[in-house]
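Structure, as structure tokens:
Sequence lines set the chain letters: A, B, ... in the order given, protein chains first and strands last, and positions in each chain run from 1. Reckoned from all heavy atoms, side chains included, excluding hydrogens, waters and symmetry mates. What you see is a predicted model, and the numbers here were worked out from it, not measured in a lab.
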Number of protein chains: 2
Amino acid sequence: MQSYTEENYLKTIYHLAEKTINVQTNAIAEQMQTKPASVTDMIKKLADKGLIDYIKYQGVTLTETGKNTAIDIVRKHRLWEVFLVDKLNFKWDEVHDVAEELEHIKSIELIERLDEFLGFPKADPHGDPIPDKNGRFAKTQFIKLIELKVGDSGTITGVSQHSSAFLKHLEKLGLTLGKQIQVSDVTDFDGSVEIQVSDKQVNISREVAKHILISSNGKN
Amino acid sequence: MQSYTEENYLKTIYHLAEKTINVQTNAIAEQMQTKPASVTDMIKKLADKGLIDYIKYQGVTLTETGKNTAIDIVRKHRLWEVFLVDKLNFKWDEVHDVAEELEHIKSIELIERLDEFLGFPKADPHGDPIPDKNGRFAKTQFIKLIELKVGDSGTITGVSQHSSAFLKHLEKLGLTLGKQIQVSDVTDFDGSVEIQVSDKQVNISREVAKHILISSNGKN
DNA sequence: AATAATTTTTAGATTTACCTAAAAATAAAA
DNA sequence: TTTTATTTTTAGGTAAATCTAAAAATTATT
């Protein structure tokens, strides 16, 4: 059994490990809003418990057990987000902090029943895949909108930025999950992208385009 | 803002205060499964925060603020219990421990939306009243089944014992909330009570009868 | 390769919630 | 009203998760 804090460390390490093989102390500290010295203390503890592999000065990687634990927390987080949006009518930019608390509720029965109640959803309100109860989930094939060429089209199926400001901005532009888009122009000057959505033309900055994930319908 | 532990102390004091005016250190310790010395530490802290009035050796009482905080936790606990039973199909004897965790989730918005989602229920699965968002709730007029005389009838509207063993026992006997009952006999020997429920005769011990709460239809 | 910069760890403290054991206050019994 | 029993508090200590400041290891730069 892990403490609330240990669970948060594991989850953070899991997410950081999606980008780098060895997760570094400073990266964890930044993500957890804490100091590197505190991280060192904690990773020693997690290593002792067999949840991570740790070589001094070399960063950490999750063990099989650690990874499973982390995936279970991610599963809970995403299911709760679906609950908040689908059942309690929260907006997609309002759910993160509450789910951050709910994900630590321990009952396995609760999560299985919640999953069933929600109709076994495959993705959360931001398009992130929800692991099943065995920790398995489809490795979704996303392309960043920024990588599309003029003329390419596809469906918005995710975002790689969960900040409220970003999500509200997308909402205002009508760029929500499931929307069909086509790239009509890319501006040389600032790299901003002109896209067609629901019969409207919208212009989005390069920065925004980087964080919109598209499931491609192929080129044309 | 209170810690998880502070909230649990306030809730415990609130419940104990339903029976005695001044809540004693030992009573809190027993309820919280901790030691009197630890309770003394905590009540000093809660007193400093203005949540309880505390005179050394004389026990404690909740201040207005403390009471409001406690009622808010009770509200959350009971709403979550309704959710678990009504939406996730938990049985009434399975919800307590999970609700014990869920009650500490901090978002006010969450609880208001949950309340609405559940249809603003007035009572939890054990018949306990749910305070509204202003902390107000009807002081329900219950009579203990044990106090009924032969011939008296009424409706089961609550229980004063939430242990799984007790609730499972009631379930087996068909004694669930909303059931209409009539007392047909009281045994002199052991004080056990013979009651009529759904055209069946069931015999319940004095101990069980003490913890079933009846809203009376008057005598006859 | 030597020096500088960065990253990580150690050492020693702090806070929260708990503990045990002993002392003090209050309540009950002789 | 003493004595005894019970309740409560104090004193001092522990474990978890944090911190600051300084030391050590690693990486980058000249």
Item to check | Nucleic acid contacts of residues 52-62 of chain A, taken as heavy-atom distances under 4.0 Å to DNA chain C | outcome: A/Y54, A/K56, A/Y57
Checklist entry - Within the structure, does a side-chain N or O atom of B/N26 lie under 4.0 Å from either OP1 or OP2 of D/dT8? => result yes
Next on the checklist: Name the residue from A/K133, A/R75, A/K76 that meets the side-chain contact (heavy atoms from CB on, under 4.5 Å) definition with A/D115.
Outcome noted: A/R75
Next on the checklist: Generate the contact string for nucleotides 11-16 of chain D. Rules: B means base contact, S means sugar-phosphate contact only, - means no protein heavy atom under 4.0 Å.
Outcome noted: -----S
Next on the checklist: Can you tell me how far apart CG (B/N8) and CD (B/Q2) are? Round to the nearest 0.5 Å.
Outcome noted: 11.5 Å
Checklist entry - Rounded to whole angstroms, how far apart are CD1 on B/I43 and P on C/dC18? => result 13 Å
Checklist entry - Reckon B/T25 touches a base, only the sugar-phosphate, or nothing at all at heavy-atom distances under 4.0 Å? => result sugar-phosphate
Checklist entry - Under 4.0 Å between a side-chain N or O of B/K44 and OP1 or OP2 of D/dT10? => result yes
Next on the checklist: Can you see whether A/Y54 has A/K56 sitting over its ring - NZ or CZ less than 6.0 Å from the centre and within 45° of the normal?
Outcome noted: no
Item to check | Whole-Å distance separating the OH atom of A/Y4 from the C1' atom of D/dT18 | outcome: 16 Å
Next on the checklist: Quick check on C/dT8: is either OP1 or OP2 less than 4.0 Å from any side-chain nitrogen or oxygen of A/T40?
Outcome noted: no
Next on the checklist: I need the CD-C1' distance between B/Q24 and C/dT26, as an integer number of Å.
Outcome noted: 11 Å
Item to check | Test salt bridge (Lys or Arg N to Asp or Glu O under 4.0 Å) applied to A/K122 - qualifying residues, sequence neighbours left out | outcome: none
Item to check | Separation of atom CG in B/N22 from atom C1' in D/dT7, rounded to whole Å | outcome: 14 Å
Checklist outcome for this item: To the nearest angstrom, the CD1-C1' distance between A/I28 and D/dT18 comes to 16 Å
Next on the checklist: Which residues pass the ring-ring contact (aromatic ring centres under 6.0 Å, His included) test with A/F83, not counting sequence neighbours?
Outcome noted: A/W80, B/F83
Checklist entry - Is the count of non-hydrogen atoms from other residues, nucleotides or ligands lying under 6.0 Å from A/E18 atom CD greater than 12? => result yes
Checklist outcome for this item: The complete set of side-chain hydrogen bond (donor to acceptor under 3.5 Å, both in side chains) pairs with one or both residues in residues 157-170 of chain B, sequence neighbours excluded, reads B/D93-B/S164, B/D128-B/H162, B/S160-B/H211, B/Q161-B/S163
Next on the checklist: Run the side chain to side chain contact (heavy atoms under 4.5 Å, CB included) test against A/F189 and tell me which residues pass, sequence neighbours left out.
Outcome noted: A/T187
Checklist entry - Rounded to whole angstroms, how far apart are NZ on A/K35 and P on D/dT20? => result 5 Å
Next on the checklist: Using a 4.0 Å heavy-atom cut-off, does B/Y9 contact any base of the nucleic acid, only the sugar-phosphate backbone, or nothing at all?
Outcome noted: sugar-phosphate
Checklist entry - Are any of A/T34's side-chain N or O atoms less than 4.0 Å away from OP1 or OP2 of D/dT18? => result no
Checklist entry - Has B/K49 got more than 12 heavy atoms of other residues, nucleotides or ligands less than 6.0 Å from its NZ? => result yes
